[in-house]
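Here's the structure we're looking at; comments come further down.
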Amino acid sequence: MKFGIVVFPGSNCDRDMQDALQNDLNKEVIMLWHKDEDLSMFTTDDYIVLPGGFSFGDYLRCGAIARFSPMMQSVIAFANKGGKVLGVCNGFQVLCESGLLPGTLLPNGNQQFVCKNVYIKNDSLPKALKIPIAHGDGRYYADDKVLNELEANNQIIFRYTDEFGNLDLSANPNGAIRNIAGICNKERTVFGMMPHPERATTPNLGNLDGVEVFRLFGMN
Amino acid sequence: MEITVKAAEALRLTAEEFELIKQKLGRTPNFTELCTFSAMWSEHCSYKNSIKWLKTLPRDGGRMLVAAGEENAGLMDMGNGFGVVFKIESHNHPSAIEPFQGAATGVGGIQRDIFTMGARPIASLNSLRFGNLKDQKTQRLLAGVVHGIGHYGNCFGVPTVGGEVYFEDCYHTNPLVNAMSVGIVKIGKTISATAEGLGNPVFFVGSATGKDGIGGASFASANITEESTEELPAVQVGDPFQEKKLLEACLEVIETGAVVGMQDMGAAGIICSTAEMSAKGGVGMRIDLDKVPTRQKNMKAWELLLSESQERMLIVVEKGKEAAVLAVFDKWDLPCSEIGEVTNDGLLNFYMHGELEASVPAYELVLGGGAPQYTREYSEPAYFEKIKAFDMNAIADVTDLKAVTEQIIQIPNIASKRWVYVQYDSMVGAANTSTNAPSDAAIVMAKGTGKALAMTVDCNSKYVFANPYVGGMIAVAEAARNIVCSGAEPIGVTNCLNFGNPYNPEVYYQFVKAVTGMGDACRKFNTPVTGGNVSFYNQHPEGAVYPTPTIGMVGIMDDFSTRMTLDYKQAGDQILLIGAQQNDIASSEYLHKLKGVEYSPAPYFELEEEFAVQHFVAAIIREKHIQSAHDISEGGLIVTLIEKGFNQNLGFDVAATTNLRTDAYWLGESQSRVVVTCSPQEVAAIQQKAADANIPLTVLGTVTTGNIALNGADWGNISSWKEKYDTAIEKIIAGA
C-alpha cells in the first residue's frame, strides 16, 4: 500500500504526515504537488492523504480554493473509483468543500483557534484515544437529515469524549454538532477528521494513540 | 525643495547629524537621500545609543559560527553538521497601536530573519507584557496580541512552544511584544546577507510594496514635509500565507546554488536591505525603483525606499543563473522582479524611470559604517532611595499560609496562561515533546539532526527595576536554570532589550547596568549573546516601563534520554530542595501584589552560588538520580511544589522547621533554588553528592496520590488547586 500526500500552498502538516507514515509507520510515501494531476502510480489499494494547514491561506472559507486545484480533480476521480482518501484538519475541510464528504466545518463556537489534546472514541474502540487538535474552523455541521443518515450508516467515525470515553458536551472543543470529530462516506473509503493523528505516532512525543487511528483506517 | 536642518529635524535627525550627512556626502542631500539617512540612522536600525554597551557583551566564542550582529540571526554549532539559528525581536510600538497586526507582523518578521539565513524555523516563543488584566484596555490588547500571534504563527506552521506573560501597571500604555524563533540549518547551506559580484542581478521577491509602515523605523509621529503622510497606516499588515510560500520558495531557491546573498525586508524596507547587503559585501547597487511591484499608484521614491510592507525579500543572484531562480518562484506563484544589479563603486543609486533619485554610499548608512554612535550620560534613578528604605520588619508575616497561597496561585503573573497558549498551535511540526511531558524549558526535537533543543524566554522585570545589574544577571541565570532543569546544556542567548527613553539619564542607567549584569552572567554560563534587538522609547508621560531585558536562551540535548521533566512522577517519591533558603521576600509577587509594596530590593542572588546549583542539578540529572526538576521562581517554594503536581494530579506531604519568616520560607523568591524528586533509594546518594559539592539540600517530604499536607495541615486535593490555577485568568477575562 502506497501513500500520496497532496501539498497545497499553505499546507503545513504535510511534512508531519510524511514523517508519521514514512518514519513511524514505515510506509512508502509520495509527495504530490497541487498543480500536478498525475495519480497513475496509485491503485485503489492505495491512499491519498490531504494534510492539515491553511491551503491558499484559507482567507476564503477553509478549503474552498484548494478544492479547485488540478490535483484535487484527480483525487475526486480517484475517490469516485473507490480509491481511499483521508483528510485531516484542513484536509477534512477540503473534502467537505469537494463534496466527497457531507456537511461543513464552521468557525469554532468560541470564535478562537484552539490547540490541545482531546479525546475521541467510537464504538469499536475499547477506550478513548488522546489526539491533538489545532484549528479555528472545526465545528462540524450538517442538517438533521444528513446527520441521521450518518448515524444510520455508522459513518461517524469519531466523536469528542472525555478521557474516559463518555460523550460529554464539555469535552467538545469546538461546538461540533453531536460531538462529531470525524466522518466517512457511505462506502467507507473517504475519511475526514479534525484531530491530528500524525502528531501522535512518535515515542519521544509521549503519545502513540495516532497509530491506532491509522490502523482504524486500514493504513497500518 | 530646499533641504534645511528643519527638514532633517522633522525627520527625527538632529542638527549635528544633518551636518554629518552633508560632510559625508560632500553636499546637501536631497529629500529622498535625507529620508534614507533618517531611516538608517534611526535608533532602530543604527543602535546609535546602545551599541557602545552592546559591545561589552560576550559576542563570540563557544559554539558561535557567526559573530553577533553579522547576520540576520545568531548561528551556533549543534554538532552532527547542523547549526541552530535563533533570534528575538520586539514589536512593541505597533502592538500598542494595533495589537492584532502589530503582533502578527512581529511574528512574521522574526521568522523571515531565520529563513533568510537558509534555516527552517522549527519553534517560536514569545514574551508579552501588559497592564492590569482587570482593565478593559489590557484585555483588548491581550486578546488582540494573542489572536495576532496565533493568526500568523498557526498559518505559517511553526509551533509556539513557550513564552511568558506578565501583567504590571507600568505596561499599561506600552505593552511589550517580543517574538523569538528558532531554526535549523545544515552547516554549509547558510546564506549570507551580502551582495557580491559586479553585474550580478538583484531580485525583489514577495508581496507588492504599498505605503504601509512607511517610517516605522524612524518617523513614528513626526510631521513629514510631503503631503498625505497623515494617512499612512503606521502599522504593517501581515500575510502569513504569503510568508509560508516565501519560506518554502527561499529554501528551495538556495538549493539551486544560484543565490549569492539574501536579506528580508523588515524595518526601513528596501533602503535597509540594499544598504546592509552592499556595505557587507563592500559593493554598491543600481536599483530601478519603478521595477518594484507596487500595490498603490504613484508611489514616490522615498516611499518605495522606506515602505515596510511585509513578506518581501531581496536576493542577489549569480549572473546567468536567473532562470533557475525564477522557476522556483514561479512554482510557488510568488512575484519576482529583477530590480537592479550589483556595482563596484559602493554607491546605492536609486532610479525612477531613468532619473537618478538618490545616490548615497552604502557604508555611510549602516551600523559599523558611517552611522553615528553615541555615549549617553546616566545617573542613579531617584526611586532607588525608596528601595533602600525598604524594611522587611515593617511587613507582618503571614498567619494563614493556605489562604495566602490560594491568592498567590490566582495572581495572573503566576496562574496558568492556558487562555493564551491554547490559541497557539503548539504541536505543528510534531516535534514539541513538552506537550505531554512539561519541563522548565520547551524541548523540541530537531528532526534529522539526532538532537533536541531546549529553549526558553525569561525576564522578571520587577527584579531589574529593583536592581538593574542584579536583575539583568537573574534574567540570564533563570533562563540557564530552566534549560539545565530540562536536562540540556545552555549554549547561547538572544536578547530583546526593552527600555524607556535613552535620553533620560535614569533610564539609561537602567540600560547600562542591566546590560552589564547580563554580560557578567553570560560569561559565567558560557552563553554568548548571538544578537537580538533594542527597543527604546517604551515610555509614556507618566514614566517608562520596567527595564525589561528579555533573554531568549537555547540549549542543546545530545541525548534525549537525559531529558528531565518538571512534574511529580509517583506517590512515595522524595521531595528535595536544592539550594539555600533565605530570609527574603524582596520583589516577590507576594510582597508586590498582596502587600502592595512597590519598592523593594531584588531578591537574593549570588552568581557563583547559582552556577554551583546549576552545575549540581545538571550532574544529578545526567547521572539519573532524579525523576523531576522544577526551579523556584515567581510565587516561591510553595508555588513550585503545587505546580509539580498538576500534570499527573499528584500531591505532596511536606514539613519544615525553620527560623525564617513563614512568608520568606514559602513565598520568597530568592534565587538559585530547584525542587527535585527521586525514589527513596536515591536520597542518600544525592545527599552525599550535595555534601561533597557544598550544596545546601533539604529533604522536604513525600509525593502523595493527590492530597496536599503542609506541616501536618490538610490543604485538600491537588485537583482543587489546579482548578483555581487554570481558571484564574479566564475568570478575570469573563468578568467573573
Side-chain angles (χ1 to χ4, degrees), chain A residues 7-20 23-24 33-36 51-60 62 65 89-90 108 110-118 130-137 163 173 195-210, chain B residues 120 122 143 146-147 149-161 238-249 330-334 418-438 443-445 447-448 452 557 560-561 563 565 647 730 734:
Chain A
V7 182
F8 301 103
S11 293
N12 62 30
C13 304
D14 47 330
R15 299 154 59 87
D16 299 351
M17 187 62 79
Q18 183 184 15
D19 269 357
N23 302 331
D24 295 331
W33 183 234
H34 72 111
K35 287 181 182 173
D36 296 331
F54 290 69
S55 55
F56 296 90
D58 280 344
Y59 290 136
L60 194 58
C62 299
I65 296 183
C89 199
N90 192 228
N108 296 347
N110 70 355
Q111 303 291 311
Q112 287 178 350
F113 189 94
V114 59
C115 174
K116 61 181 183 182
N117 281 321
V118 298
K130 181 169 84 174
I131 304 289
I133 53 166
H135 57 247
D137 298 73
E163 61 179 304
H196 288 269
E198 79 280 10
R199 296 184 183 184
T201 59
T202 306
N204 283 352
L205 298 183
N207 180 7
L208 295 176
D209 283 3
Chain B
R120 178 177 285 278
I122 64 162
V146 170
H147 187 202
I149 291 172
H151 164 76
Y152 208 103
N154 298 345
C155 178
F156 184 63
V158 172
T160 302
V161 301
D239 179 351
F241 170 58
Q242 186 82 339
E243 177 130 318
K244 169 68 174 165
K245 291 198 296 177
L246 259 188
L247 159 71
E248 300 298 339
D330 183 55
K331 173 188 165 186
W332 287 96
D333 295 317
L334 283 166
R418 181 173 76 175
W419 185 88
V420 172
Y421 67 72
V422 296
Q423 297 187 55
Y424 305 146
D425 191 338
S426 54
M427 304 187 225
V428 62
N432 179 7
T433 73
S434 295
T435 306
N436 297 311
I443 309 294
V444 179
M445 291 188 294
K447 288 180 173 177
M557 192 178 288
F560 194 72
S561 76
R563 189 263 306 255
T565 49
N647 192 46
E730 295 163 14

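The nearest pair of heavy atoms linking B:A430 to A:E198 is CB-O, 4.1 Å. Contact record, A:R15 with B:R120: NH2-NE, 3.1 Å, taken as the closest heavy-atom pair. Closest approach of A:C115 to B:S426, counting heavy atoms only: SG-N, 3.4 Å.
Between the side chain of A:N12 and the backbone N or O of B:N154 there is at least one donor-acceptor pair closer than 3.5 Å. Distance alone, capped at 3.5 Å, places no donor-acceptor pair between the B:K245 side chain and the A:P9 backbone.
The distance from the CE atom of B:M445 to the CG atom of A:D19 is 8.5 Å, given to the nearest 0.5 Å. To the nearest 0.5 angstrom, B:R418 atom CZ is 7.0 Å from A:K116 atom NZ. To the nearest 0.5 angstrom, B:H151 atom NE2 is 8.5 Å from A:F54 atom CZ.
Only the backbone of B:A431 comes within contact range of chain A, with heavy atoms under 4.5 Å apart. Proximity to chain A (any heavy atom under 4.5 Å) is restricted, for B:Y424, to the backbone atoms N, CA, C and O. Using a 4.5 Å cut-off between heavy atoms, B:D239 touches chain A through backbone and side chain atoms alike. In this structure, chain B has no heavy atom under 4.5 Å from any part of A:T201.
Using bins of under 30°, 30° to 60° and over 60° for the plane-to-plane angle, the ring pair B:F241/A:Y59 lands in the perpendicular bin.
Counting heavy atoms from C-beta outward, A:K130 and B:N436 have side chains that approach closer than 4.5 Å. In this structure, B:D333 and A:K35 have side chains that are in contact, with non-hydrogen atoms separated by less than 4.5 Å. Taking the side chain as every heavy atom from C-beta outward, A:H135 and B:D425 never approach each other to under 4.5 Å.
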Residues A:N23, B:K447; criterion side-chain contact (heavy atoms from CB on, under 4.5 Å); working and verdict: CA-CA 11 Å; A:N23 302 331; B:K447 288 180 173 177; over 6 Å; no
Evaluation steps, side-chain contact (heavy atoms from CB on, under 4.5 Å), between A:D16 and B:V428: CA-CA 8 Å; A:D16 299 351; B:V428 62; 3.9 Å; yes
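The candidate with the highest count of non-hydrogen atom pairs below 4.5 Å against chain B, out of A:N90, A:N117, A:N204, is A:N204.
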